[in-house]
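First the proteins, then the strands, lettered A, B, ... as listed; each starts at 1. The structure presented is a predicted model; accordingly, all values stated were derived computationally and were not measured.
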Amino acid sequence: MIRILALLVVLVASPALAHSELRGSEPSSGAVLVASPDRVALRFNERVTVTTLRLRDGRGQIITLETSGGLDAASEKFGRLGTPLVPGAYDIDWAALSADGHPIGGRIRFVIQGQQ
Amino acid sequence: MIIELIQGEGDLFNILTVILRAIYSFASLAAAGLVLTLAVLAGQLTPEESRAARRWLLAFVLIGMVASLAAWPVRAIVLAKGIDGLWRWDFYPLVARSRIGDAFFLRMSGLTLALFGLWRSGAGVALAAIGAAMIAASYVAMGHSTLYRPRQELAALIGLHLFALSFWIGGLFALGPITQRRDQRSAAQAITIWSRAAMIAVAIMIATG
């Protein structure tokens with residue numbers, strides 16, 4: 001009886017699985033760029049609903065991004081820059097509703113060094 | 001949940017979300033367990049013990065409902081990464097359509113039906129027991145496991161596991177007054193009946209992982 005119970009436990013045990021994950025971004029976290037990107041992008045391992053995609057400069061000022069797709073679920077989210085960024089440090093703040101319904105989020109930092 | 005708290009960015013509203021989830025999880029499972037305990041110990045409780053158990057039931061139902069409702073605006077703030085999320089009315093239907101929303105509606109319906117446990121009748125116990133099952137099922141809707149195959153089997157196992165677990169959580173609140181009884185023989189009889197059901201619950205928890 002105990003062996004049967006143990007076998008049941010082993011058969012039905014599933015690995016602990018996390019929420020959806022950010023797999024990559026443009027610019028990538030910690031990137032040092034020589035020129036302004038023309039867009040920011042987030043890539044996930046599955047379809048999520050990105051609820052916040054915000055770019056801030058080193059002083060905390062929000063920089064306008066043109067995003068599309070609204071609150072539609074997608075595995076990628078893009079934000080186009082209206083004007084090129086000047087050299088400095090920037091943060092991409094993002095939040096999303098993952099496939100399992102839980103909120104996820106993070107911050108991606110990058111630097112534009114400019115021409116040497 | 002604890003891992004999320006440790007690995008989180010330290011954002012206050014993320015932490016608050018996790019705390020609220022812990023509160024409504026415990027309260028709703030305790031309410032479900034009290035419903036089951038009242039059913040198992042029907043006729044074994046003194047009027048005072050019955051009243052005490054029903055007071056706990058009411059308290060846990062209310063705590064579960066309030067914490068569940070409070071989690072909505074906090075989630076909206078987390079999704080907006082700012083307090084202005086409170087006024088993002090487009091976020092609330094988004095959450096409602098998600099698995100978190102499914103779990104919320106199941107849990108609230110279950111907690112509402114659990115209130116029938118305050119009504120001392122067979123019909124009341126039956127309705128409340130359905131509520132207890134819905135509370136357990138709400139965790140199936142919210143969990144990660146059912147995103148992957150075999151979904152139905154995992155859903156059934158998780159639901160049974162939590163249903164059995166709730167018996168232990170809620171039952172302990174009803175047992176306290178019984179242990180204070182002057183008539184130790186009747187107290188032992190009631191605890192024996194509860195213990196038999198508790199052993200079945202343990203077996204179910206082991207079998208369902």
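- The only option from A:T51, A:V50, A:T52, A:I104 that meets the side-chain contact (heavy atoms from CB on, under 4.5 Å) definition with B:L79 turns out to be A:T51.
- Applying a 4.5 Å heavy-atom cutoff, the residues of residues 54-79 of chain A that approach chain B are A:R54, A:L71.
- Applying the side chain to side chain donor-acceptor pair (under 3.5 Å) criterion to B:S68, with sequence neighbours excluded, gives B:R107.
- Partners of B:F167 by ring pair (Phe, Tyr, Trp, His ring centres under 6.0 Å), not counting sequence neighbours, listed by chain and number: B:W194.
- In this structure, the side chain of B:K81 does not engage the main chain of A:L53 through any donor-acceptor pair within 3.5 Å.
- For the side chain to side chain donor-acceptor pair (under 3.5 Å) test, residues two or more places apart in sequence or in another chain that qualify with A:R109 are A:D91.
- Within a 6.0 Å radius of CZ in B:R196, other residues, nucleotides and ligands contribute 12 heavy atoms or fewer.
- The number of heavy-atom neighbours closer than 6.0 Å to CH2 of B:W89, taken from other residues, nucleotides and ligands shown, is above 12.
- Options B:A80, B:A103, B:S98 differ in how many heavy-atom pairs under 4.5 Å they form with chain A, and the most are formed by B:A80.
- At a 4.5 Å heavy-atom cutoff, the contact between B:D90 and chain A is made by backbone and side-chain atoms alike.
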